[in-house]
Amino acid sequence: NLATTVVLAHFFLEHEHFSLNKIIGILIAFGGAALLLLRGETGLAEIIQADWRGYAWTGSIVLGLSGGAVYTRRFLRFADSYDASSVRMFASVIFFFPAIWLLVGMDFSEVRLSGLGALFYTTIFTTFLAFMLHFYITKRFGATSVSQFSYITPVAATVLGAILLDEIITPAMLVGMVMIFSGLALLGWRAKKPSA
């Protein structure tokens, strides 16, 4: 997400252009992602080879998140966070509800009160408030800064997957992740200016 955002920000935002560190970081991070893609490992014992559709969906999500951050920084810097997040939530429902209904179908017969509570919590705290915070950080600090969370998500998912779901971390996955995080570290690294 961060590498993609840096690329888009270079072309569409005035104050977030490439530097040598960013270019090297992007190449290393994309190289690590390419290694994982070419190896096709999933970490799941029952699924040896990954399905290309999973990578396609993931790529489209990353591109959408990066494009959204750049669009927000360029065109919505003075918009209200609550209003923008509300429109984002409403648009998601309008798009995804019919798509899920048509592609998968919905069965409400097994819905329990605990499930409704989980839905409410997820909707308010991990989605709507997260949208508002994401929007605020993008407006205040820039599209590249808001993408820094991409450091944490894969690490947490990999560690929790190995601990809770018995997922396998292969050597190729470790090498790919090290490459990705090395590239991301270069993207976020700024040389200290010498003191006068």
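Residue indices begin at 1 and follow the sequence shown. As the structure is a computational prediction, the values presented were derived from the model and not from experiment.
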Starting at CZ of Phe125, measure out to CZ of Phe120 and round the result to the nearest 0.5 Å. 6.5 Å
Do Met132 and Met89 sit in one hydrophobic cluster, given that two such residues count as connected whenever their side-chain heavy atoms are within less than 4.5 Å of each other, even indirectly? yes
same_hphob_cluster(Phe131, Ile137) at 4.5 Å side-chain heavy-atom cutoff: no
Minimum heavy-atom separation for Gly31 and Met179, please, with both atom names. C-CE, 3.6 Å
Kindly check if the number of other-residue, nucleotide or ligand heavy atoms within 6.0 Å of CG (Leu113) is above 12? no
Taking C-beta and beyond as the side chain, do Leu133 and Leu129 meet within less than 4.5 Å on heavy atoms? no
Looking at Asp80, is its backbone amide N or carbonyl O close enough to the side chain of Lys139 to form a donor-acceptor pair, meaning the two atoms are under 3.5 Å apart? no
Correct closest heavy-atom pair for Ile28 and Ser182 would be CG2-CB, 4.3 Å
Backbone N/O of Leu13 and side chain of Arg74: donor-acceptor pair under 3.5 Å: no
Are the side chain of Thr127 and the backbone N or O of Thr122 linked by a donor-acceptor pair below 3.5 Å? yes
Would you say the side chain of Phe11 lies within less than 4.5 Å of the side chain of Val7, judging by non-hydrogen atoms? yes
Tell me whether Val111 shares a hydrophobic cluster with Ile100, the cluster being built from Ile, Leu, Val, Met, Phe, Trp, Tyr side chains joined at under 4.5 Å. yes
To the closest 0.5 Å, what do you measure between CZ (Arg140) and OG (Ser81)? 12.0 Å
Is there a side-chain contact between Arg88 and His134 (heavy atoms, below 4.5 Å)? yes
How many angstroms lie between atom CD1 of Ile94 and atom CZ of Phe96, to the nearest 0.5 angstrom? 12.5 Å
Value for CD1 (Ile124) from OH (Tyr121), rounded to nearest 0.5 Å, stands at 11.5 Å
Nearest non-hydrogen partners of Thr5 and Ser66, listed with the distance: OG1-OG, 2.9 Å
Aromatic contact between Tyr82 and Phe128, with the criterion being ring centroids under 6.0 Å apart: yes or no? yes
Are the side chains of Leu76 and Phe135 in touch, meaning some heavy atoms are under 4.5 Å apart? yes
Hydrophobic cluster membership, Ile24 vs Val175, 4.5 Å side-chain cutoff: yes
